[in-house]
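In what follows, a single structure is set out as structure tokens and then discussed.
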Amino acid sequence: MIQVLDQDTINQIAAGEVIERPSAVVKELVENSIDAGASSVTIEIKEGGLSFIRITDNGTGIPKEEISTAFLRHATSKIQSKEDLLTVQSLGFRGEALSSIAAVAQVELITRHAADITGVRYEIAGGKEGECQEIGCPEGTTFVVRNLFYNTPARRKFLKSKTTEGSYVQDLVLRYSLAHADIRFHFISDGKSRLQTSGDGKLKTNIFYNYGPDITRCMVPVEASGQGMTLSGFIGKPELSRGNRAFMNYFVNGRYIKSNVISSAIEHAYKKYMMNHRYPFTALMLSIDSSYLDVNVHPTKMEVRFTNQEEVYNLFSQAITDALQQISLIPEVSLEKEKTREKKADLPVLPKKRPEPFEKVRTEEELEREEHTKPSSLYKEPEIPVPKLRESPSFSYEQKSLTSMDFKSDDLEEEKAELPQFRIVGQIFATYWLIEHDSQLLIIDQHAAHEKVLYENLMKHLSEKEGLTQNLAAPIVISLTEREVDILQENKNVFDRLGFHIEHFGERDYLITGVPADFLNVASKELFIDILDSLSESGKHGQSEEILERCASISCKAAVKGNHLMSFEEADQLIGQMLLMEQPYHCPHGRPTTIAISKQEFEKKFKRIV
């Protein structure tokens, strides 16, 4: 039977489209504060925003007579007709936010309009109006949202942990602080101040507040305009690349959005400067005529549609390309020369040493005495072994097919007399090793083999819950965002098990005093950030083995690369270690480490047999 739904059900369905989690509540209310002309916005949450959200601003406030109307569905002051949708300038416009929030939470509103002497305190819960009274309060608006989804408990089950939900709120506030540098933002979580900006109108200042000095000093300005659009902001130098898109921020008319057109343009501009699956830092502001823009695409207003998307793509791509090309020229042409002049100016001018007119002739006794007094380890050239064909130490296994060989370290210790021999023939293309064994030619990819060895060793250490650590002579200082601090604290055991030693250094700064010994030839700071990005992207925390295995796959970065000449001794050791692995013939990504060509196959090719 078809029937019309009651108003409560209609409101909750609408709320489900707009209010998915605590950060959606904060987004709608912060956007209202910005639209109200606020110069200061304070956001406070408790338990990730599930039990308590408070948004306070010093905007124009809501007139007394309009408060009840403001909580009705599709009631808005932002537009008057359908034509206004084509030219909307405000962040909010649908009139669904307050009604949706009030449908699934207990809401208290305290507001005073600029034209009123007193303010109003108004309550509404589950869409039902409560008390309304006049009170004294400053100009502006405060929303208090308690017990989100209290009347829709099934929806709470789909939320993540309180810490994760709180980090979503913080990410949102961070991005609005970038988009509106002229507004003072203050974010408080569980009584602790987590983010605060000055509202001085300078984007770079807020980048410093939010991301710290390491990222700020690597910023490159971007300025471009054309065809009714203006692009401004900052991009990071290529060395700031991250393992996910979390640091790619771009805004359209002050609105934080996600756009495949813009993200593709950014990634295309950085393509020749970065490895695959690495992403840059950006904080870019696009101002565009609203007639080119459709923001009425999705209930959360996170997606927009451009009628001139090709022009938008070209503007972003070209502006970023130009900025990157500029920074690549500066060290060679301008800065180095200026630095050289500065250094010369600081140094005293020394008289040139006059050459000796005659070289002193030394007797044979003097020469012999000098030779005996030289520290031989410092003055003699190191002896470089000449590669040659030789028998190498081998490893215990039964004579099976290549894919079923089972190498065991116990056999290596107990049955040395029965060890078969393999012979290293040589290296080709500075990447592959040719090994002769048992009427077969084995071809081993040195990168995949080393990756496998590192991976298995690390997983062994993780299973034993004790990673090997190399202490650093000079600790690394690293500045994190608040969300990264939360991820680090929740996953401290993961980093401990990997072999990191990390100490809090004050505020959002940390000291890395020890690094995993398995990854000594990887930049320690980069390794730490990559693991942090992996944990952030996975959204999982604690002792999950899935997370640990994902972290272990970073062994790819530590492995010796292709096009790298290795000595026979190094290859011998690597191949030996690889053959001792439980599954030696595939790297952690599934690629083969070894392929084999039989003697019979060679004889067929040379027509020795038919």
Side-chain angles (χ1 to χ4, degrees), residues 276 384-460 518 521 549 552-610:
N276 289 337
I384 301 176
V386 178
K388 58 183 179 180
L389 299 183
R390 58 183 174 77
E391 297 295 329
S392 297
S394 241
F395 308 91
S396 175
Y397 58 94
E398 298 175 8
Q399 292 194 8
K400 304 176 184 177
S401 66
L402 181 65
T403 55
S404 61
M405 292 183 193
D406 183 21
F407 295 86
K408 297 181 180 179
S409 57
D410 294 340
D411 296 337
L412 180 64
E413 295 172 0
E414 297 174 5
E415 301 179 11
K416 291 183 179 179
E418 301 179 8
L419 294 182
Q421 301 290 306
F422 67 79
R423 184 169 70 93
I424 297 180
V425 177
Q427 184 188 37
I428 59 172
F429 311 130
T431 301
Y432 305 101
W433 284 90
L434 307 181
I435 310 298
E436 181 186 351
H437 164 70
D438 193 23
S439 299
Q440 285 183 319
L441 174 67
L442 306 185
I443 306 174
I444 298 176
D445 181 337
Q446 65 187 24
H447 172 71
H450 195 198
E451 188 178 351
K452 180 65 175 180
V453 169
L454 293 175
Y455 178 86
E456 291 288 348
N457 286 341
L458 181 58
M459 291 308 298
K460 178 175 181 291
D518 293 302
N521 59 328
E549 289 192 16
S553 70
I554 299 174
S555 58
C556 178
K557 288 185 173 295
V560 63
K561 301 298 185 290
N563 296 316
H564 173 81
L565 290 171
M566 293 175 61
S567 69
F568 272 60
E569 287 74 14
E570 289 171 331
D572 183 75
Q573 184 179 12
L574 173 60
I575 294 166
Q577 290 179 353
M578 184 200 78
L579 295 177
L580 288 173
M581 301 293 105
E582 293 184 3
Q583 300 291 335
Y585 302 113
H586 288 88
C587 78
H589 304 295
R591 293 193 303 106
T593 63
T594 308
I595 60 174
I597 303 175
S598 67
K599 178 182 178 183
Q600 184 181 25
E601 187 66 25
F602 276 105
E603 291 180 338
K604 283 183 179 180
K605 293 294 183 183
F606 285 100
K607 308 298 183 183
R608 287 179 172 270
I609 60 174
V610 179

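Values reported hereafter were calculated over all heavy atoms of this structure, with side chains retained and with hydrogens, waters and symmetry mates removed.
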Considering only heavy atoms from C-beta outward, does the side chain of [X] approach that of [Y] to under 4.5 Å?
| X | Y | value |
| --- | --- | --- |
| Thr593 | Met578 | yes |
| Ile444 | Ile575 | yes |
| Trp433 | Gln446 | yes |
| Met566 | Leu574 | yes |
| Gln577 | Lys452 | no |
| Asp445 | Thr431 | yes |

Might you work through the side-chain contact (heavy atoms from CB on, under 4.5 Å) test for Asp572 and Ile424, ending with a clear yes or no?
CA-CA 8 Å; Asp572 183 75; Ile424 297 180; 3.9 Å; yes

From CG (Leu434) to CD1 (Ile428), nearest 0.5 Å
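Going from CG on Leu434 over to CD1 on Ile428, the span is 4.5 Å.
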
Rounded to the nearest 0.5 Å, what separation is found between the CD atom of Glu570 and the CD atom of Gln427?
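The CD atom of Glu570 sits 10.0 Å away from the CD atom of Gln427.
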
Identify the two heavy atoms, one from [X] and one from [Y], that lie closest to each other, and give their separation to 0.1 Å.
| X | Y | result |
| --- | --- | --- |
| Ala448 | Pro592 | CB-O, 3.9 Å |
| Val425 | Phe568 | O-CZ, 4.1 Å |
| Phe602 | Ile597 | CE1-CG2, 3.6 Å |

Pair Glu436 + Arg423: basic N to acidic O under 4.0 Å:
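Answer for the salt bridge query: yes.
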
Sequence-distant partners of Gln600, side-chain contact (heavy atoms from CB on, under 4.5 Å), two or more places apart
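Checked Gln600 against side-chain contact (heavy atoms from CB on, under 4.5 Å); matches are Ser598, Lys604, Ile609.
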
